[in-house]
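Computed from a prediction, not measured in an experiment: that's the story for all the values here. Proteins get letters first, then strands, A, B, ... in listed order; numbering begins at 1 in each.
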2 protein chains.
Amino acid sequence: MTDSTRQRILDTAEQLFADQGFHATTLRQITREAQVNLAAVNYHHGSKDALILAVFQRRLDELNSERLARLQSVLDASDPPDLEKVLGAFIYPALLLSTQSAGDGGRFMRLLMRAWAENATQLHGTIARQYSHVMRAFADAVSRALGTSPDNLRQQLDFLIGALTYTMAETTDGQVEETARALVRFGCAGLRDSALAQPRQTSLKENIA
Amino acid sequence: MTDSTRQRILDTAEQLFADQGFHATTLRQITREAQVNLAAVNYHHGSKDALILAVFQRRLDELNSERLARLQSVLDASDPPDLEKVLGAFIYPALLLSTQSAGDGGRFMRLLMRAWAENATQLHGTIARQYSHVMRAFADAVSRALGTSPDNLRQQLDFLIGALTYTMAETTDGQVEETARALVRFGCAGLRDSALAQPRQTSLKENIA
DNA sequence: ATTGGTTCCAAACAACTGTTTGAATGCTAG
DNA sequence: CTAGCATTCAAACAGTTGTTTGGAACCAAT
């Protein structure tokens with residue numbers, strides 16, 4: 001099985017999609033740059049839309065499993081979990097992926113934003129489905145670290161996701177460590193302060209009643 | 001001067017661009033929905049790219065002048081300025097615009113993200129230029145509110161912008177007030193805490209030496 | 001060596017894109 | 001009224017898009 005063609009298409013497509021957008025990137029451009037025949041995309045991936053989806057599956061699987069793995073080891077370390085480390089498990093893999101996935105910074109994140117911006121029919125739903133799993137786990141961990149109800153956290157977590165997403169797109173290789181630390185600090189402060197404004201969960205009411 | 005055609009094109013284009021993206025939206029779709037002739041776009045706006053730019057100019061002018069006006073009245077109120085109110089001047093008009101610019105929520109912000117995602121040649125530069133003016137003013141105000149150097153603030157402000165942008169896209173009409181307050185609180189906590197981690201500006205060194 | 005299936009390739013396909021054209025219309029000033 | 005200008009319109013333009021096609025090339029198994 002010569003996957004080299006299939007793989008090379010995937011790599012080239014990811015790069016071009018990130019640089020120019022999905023609609024603006026043509027199959028001819030992809031196949032030319034990947035040095036494969038025009039028909040190869042339809043042969044190996046079925047259609048252009050399927051190719052877009054394939055590009056995402058690859059990276060999202062990476063990112064999500066890495067996040068969950070780190071979260072698990074944070075949860076194993078202490079109970080209740082340490083908020084800084086929970087956020088770190090969420091933020092660090094993302095920033096890392098955004099710089100390692102391709103040469104210069106932020107390529108994959110630009111891709112994610114595109115996917116969310118261009119309402120590529122099923123694509124948005126697919127990504128959201130992939131994220132809901134991870135999001136629930138992290139929301140739960142954060143709520144336990146803070147001692148608040150998970151419901152009230154969704155908004156603050158969205159703030160953090162927005163900050164992370166926006167940041168990923170402009171973070172270059174050398175800054176990952178420093179940026180991650182700054183963002184974790186920023187997010188922890190915001191989450192802790194916001195938790196004070198909400199009715200604290202007594203951890204008895206909810207769990208027993 | 002019958003601007004009704006020109007205006008109707010602008011309105012319809014904004015809506016369709018937000019819903020489907022720039023590239024995916026065709027002139028035929030715009031003109032059909034706006035009930036004008038196909039050639040009307042090129043006649044009134046010159047080209048499709050010029051139309052995209054025009055759609056942005058209209059909203060960005062609104063947003064930026066509203067932000068600056070509010071900032072000014074915050075600066076006039078006290079010296080040093082109140083951080084919560086500075087952030088409010090930045091956040092509130094944005095959330096307001098995102099819900100009022102069109103029927104349902106987040107339409108214009110989806111547009112902004114698209115503009116940033118789809119590297120529409122000159123568009124990105126134009127928007128950045130429009131923002132740099134406002135950004136500098138707010139960075140300055142925040143730095144004075146915190147007593148830190150403006151240079152170290154850029155990153156935290158980017159966090160806030162990301163959180164705001166992401167939030168705008170998912171905020172509906174009724175939640176504006178509450179969301180804005182939550183985001184201001186979140187941002188203030190993050191900014192204040194981050195300021196502690198950095199060498200505080202003694203306000204003498206910098207201003208005198 | 002020949003079979004059978006996978007992979008590649010050049011060429012063509014139909015559909016759609018933004019833009020231009022030139023005539024027809026509407027409206028207003030002289 | 002009418003000359004002149006701004007606006008609208010149907011039609012056609014040249015170019016690009018994703019996809020399909022039928023055959024060539026390849027490669028392992030019989």
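Taking the nucleotide of DNA chain D with the nearest heavy atom to each of B:Leu38 and A:Arg28, the more 5' of the two is matched to B:Leu38.
When heavy atoms are screened at a 4.0 angstrom cut-off, A:Ala40 is found touching no nucleic acid atom at all. Using a 4.0 Å heavy-atom distance criterion, B:Thr31 is classed as making no nucleic acid contact.
The distance from atom CD1 of B:Ile30 to atom C1' of C:dC16 is 15 Å, rounded to the nearest whole Å. Going from atom CZ of A:Arg8 over to atom P of C:dT7 covers 14 Å, rounded to whole Å. For the pair A:Ile9 CD1 and D:dT19 P, the interatomic distance rounds to 13 Å; values are reported in whole Å. As a whole-Å value, the separation of B:Leu51 CG from C:dT19 C1' is 14 Å. Going from atom CZ of B:Arg32 over to atom C1' of D:dC9 covers 17 Å, rounded to whole Å.
In the set D:dT7, C:dC9, D:dT19, the nucleotide with an atom closest to the side chain of A:Ala39 is C:dC9. Closest to the side chain of B:Asn42, from the set D:dA10, C:dA10, C:dT19, is C:dT19. Nearest nucleotide to the side chain of A:Tyr43, out of C:dT7, D:dT19, D:dG18: C:dT7.
Donor-acceptor pairing under 3.5 Å is recorded for the side chains of A:Gln29 and A:Gln20. A donor atom on one side chain and an acceptor atom on the other are not found under 3.5 Å apart for A:Asp19 and A:Gln15. Checking B:Tyr92 against B:Glu66 by side-chain atom types alone, no donor-acceptor pair falls below 3.5 Å.
A salt bridge links B:Arg59 to B:Glu62: at least one charged side-chain nitrogen sits closer than 4.0 Å to a carboxylate oxygen.
At the phosphate of C:dA10, OP1 or OP2 sits under 4.0 Å from a side-chain N or O atom of A:Asn37. Checking the phosphate oxygens (OP1, OP2) of C:dT17, no side-chain nitrogen or oxygen of B:His23 falls inside 4.0 Å. Side-chain nitrogen and oxygen atoms of A:Thr5 include at least one within less than 4.0 Å of the OP1 or OP2 phosphate oxygen of C:dC8.
Under a 3.5 Å cut-off, the side chain of A:Thr12 and the backbone N or O of A:Ile9 do not form any donor-acceptor pair.
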